[in-house]
Amino acid sequence: MLTFFVFTDFSAAATNALHYAIVLARPIMAHIQLLHVRPPVTAAAADCFNSLCLEQAKQVQENLNHLVAGVQQFVSCAGGVLAGIPDQEIPALLQSVPNGIVVLGNSNPAKAMRTAWTSTGLYLIRTVTLPLLVVPVTYRACHLPQRIVFDMDRKPVELPASAAIVPELLSSFSASQLPLRLDGNLGAVDDLLQRTIPQVVGIHVYTSETAPEAGDIASRIQQTGLLAGMAHTVATSRYPAIEEGIRHSAARHRADLLGFIARQRMYPGRQFLQSVTAGLIAHSRIPVLAVPER
């Protein structure tokens, strides 16, 4: 069973991310594990998590119980509070589940990167090996993703075993259990296909004068296995800046989900804030699925 680990600080952004997780979880009967992190104030990552003060521990548990009860009306759900050192407790919990995806909200997709070092999403992508799904507060989900853009660069990559859940999740978007009706109207078949088959595009954005071969990009996508079993096309485009080019390409393809490999190991310390990975997680206006490299 797939488990969505949904981090919540009870904010509007966290609630919106939880709603998105429910939309994804219902058709496949996945489990949602709500997590609220209350680290010691002396912990190195304490600033990466918003939490009520120590005196309000009872209120935290009441809020969590209320959320769990609401989610259980739709899918299996449990909740828990992590009060220890985040660098220890979070990886230990998340990596104990074989099929898991981390979900959290982004409260400000227009944030300046100089203030993003304490972003929860940027902390988690550097800390855990599970795929990370970040939902901007400005995005409201009412249906499964139907237009998926997956960015692929040309660098060699090794993925952790946890990435194996990604093609299964993406394939599930075309396997909705909701009833579909085919009537006799002109174009009814096309409409049915639009509603049931995700439009998946593997993209590559480059800045050089010479365009890469589309076949090379297609081969690299196939090697990752992240789009295994899914029909997809490949598109390349030239743009002055990679991050902006990826977001522009996603908008051009009218994507409602952007996937990419998170190159978090290539940029040590605060240099990570200048990376394409950090920029996409921080600034995307649509949900992003970041698959960390090993």
Hydrogens and angles aside, do Tyr123 and Asp87 bring a side-chain donor and acceptor to less than 3.5 Å of each other? yes
Between Thr15 and Ser11 (side chain of the first, backbone of the second, donor and acceptor by atom type, cut-off under 3.5 Å), is there such a pair? yes
side-chain hydrogen bond (donor to acceptor under 3.5 Å, both in side chains) between Ser76 and His31, intermediate numbers included: CA-CA 5 Å; Ser76 168; His31 175 72; 2.7 Å; yes
Between His232 and Phe150, is the ring centre distance below 6.0 Å? no
Between Asp256 (side chain only) and Arg147 (backbone N and O only), is there a donor and an acceptor less than 3.5 Å apart? yes
Would you compute the distance between atom CD of Gln146 and atom CZ of Arg254 and round it to the nearest 0.5 angstrom? 11.5 Å
In this structure, is the centre-to-centre distance between the rings of Tyr239 and Tyr206 below 6.0 Å? no
Please examine the side chains of Phe260 and Leu280, heavy atoms only from C-beta on, and report whether any two atoms are closer than 4.5 Å. yes
When you measure from the side chain of Ser172 to the backbone N and O of Leu169, does any donor-acceptor pair fall under 3.5 Å? yes
Is the shortest side-chain heavy-atom distance between Leu18 and Leu34 below 4.5 Å? yes
Just by distance, with hydrogens left out, do His204 and Thr236 show a side-chain donor and acceptor under 3.5 Å apart? no
Evaluate the side-chain proximity of Phe4 to Cys77: yes if any heavy-atom separation is below 4.5 Å, no if none is. no
